[in-house]
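See structure below.
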Amino acid sequence: DGFCLGGIAGPFAATATAAARIEELVCAKCRACGHTFPWDILGEDVHAAKRRRRELPCGHWTFGLQYRCRLDLHDQRRVDEKLSVFVSDEEGKLFGIAPDAVVADPSARLRAQQLLDGILRHGASEASNHTLAMHRVDGLAEALGAYVVCDTSVEWDMAAGAP
């Protein structure tokens, strides 16, 4: 048995939605203190902001872009069984496209958006057959534990049709 993807929420979204823009899943993470901000907090030219060492609201200038989001999963057989899992991806493994490229390159953004649209559309189907690798994180901040996606990538069988 598998799961259906019920929705996805970026780091600053209040609720998960079945339709999202790929840029909403990208954030700027301070490498000094770990705080996160909208990816365009210093303007849309991220590379220029880094070159000029513009400071984030936390006061540091060293940062990187990453995908951060929450996936809301539903069991295919028992619809009342739900689980939220979290994604934190600095390299772009999930979509196969680096977050820096998504915000800077329109063609990379389009490819990543097509993958996101495909998993959202297909993930809501009973015919979906997705797998995720994840681990559980326990600690004071998450008394009941949290599940974090790791080593997972979205791939689409182009022979089966575009996403």
Please tell me if the side chains of Arg68 and Lys29 come closer than 4.5 Å, counting only heavy atoms from C-beta onward. yes

Review point. Can you find a pair of side-chain heavy atoms, one from Glu23 and one from Arg109, that are under 4.5 Å apart?
Key: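 The answer is yes, as the side chains (C-beta and beyond) meet within the 4.5 Å cut-off.
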
Paired with Val103, the side chain to side chain contact (heavy atoms under 4.5 Å, CB included) test is passed by just one of Asp40, Asp45, Val46, namely Val46

| said: With side chain to side chain contact (heavy atoms under 4.5 Å, CB included) as the test, pick out the partner of Cys69 among Leu25, Val149, Val85. | reply: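 Answer after filtering Leu25, Val149, Val85: Leu25.
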
Calculate, to the nearest 0.5 Å, the distance between atoms [atom1] and [atom2] belonging to [X] and [Y] respectively.
X	Y	atom1	atom2	answer
Arg53	Leu42	CZ	CG	14.5 Å
Asp80	Arg78	CG	CZ	8.0 Å
Cys27	Phe12	SG	CZ	5.5 Å
Leu115	Ile119	CG	CD1	8.0 Å
Leu83	Leu73	CG	CG	5.5 Å
Arg52	Trp61	CZ	CH2	15.0 Å

Under a 3.5 Å distance rule, please check whether [X] uses its side chain to pair with a backbone N or O of [Y] as donor and acceptor.
X	Y	value
Asp89	Leu94	yes
Arg136	Ala146	no
Gln113	Ile22	yes

* Asked: Would the number of heavy atoms belonging to other residues, nucleotides or ligands and lying under 6.0 Å from NE2 of His35 be above 12?
  ->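 Check fails, neighbour count at 12 or below.
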
Counting only heavy atoms not in Glu44 (residues, nucleotides, ligands), do more than 12 fall under 6.0 Å from its CD?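 No, the 6.0 Å shell around CD holds no more than 12 heavy atoms from other groups.
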
State, to 0.1 Å, how close [X] and [Y] come at their nearest heavy-atom pair, and which atoms those are.
X	Y	result
Pro99	Glu91	CD-C, 4.2 Å
Cys30	Cys33	SG-N, 3.4 Å
Tyr67	Gly92	CE1-CA, 3.7 Å
Pro106	Ala104	CD-O, 3.7 Å
Glu24	Pro11	O-CD, 3.3 Å

Same apolar cluster (I L V M F W Y, side chains within < 4.5 Å links), Val102/Leu110: no

Is the positively charged end of Lys50 above the ring of Phe63, judged by distance under 6.0 angstrom from the centroid and angle within 45° of the axis?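 Geometry flag: set, cation within 6.0 Å and 45°.
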
After noting the C-alpha distance and the side-chain angles of Arg70 and Asp72, does the key distance pass the salt bridge (charged side-chain N to carboxylate O under 4.0 Å, His left out) rule? CA-CA 6 Å; Arg70 184 184 81 236; Asp72 290 339; 2.9 Å; yes

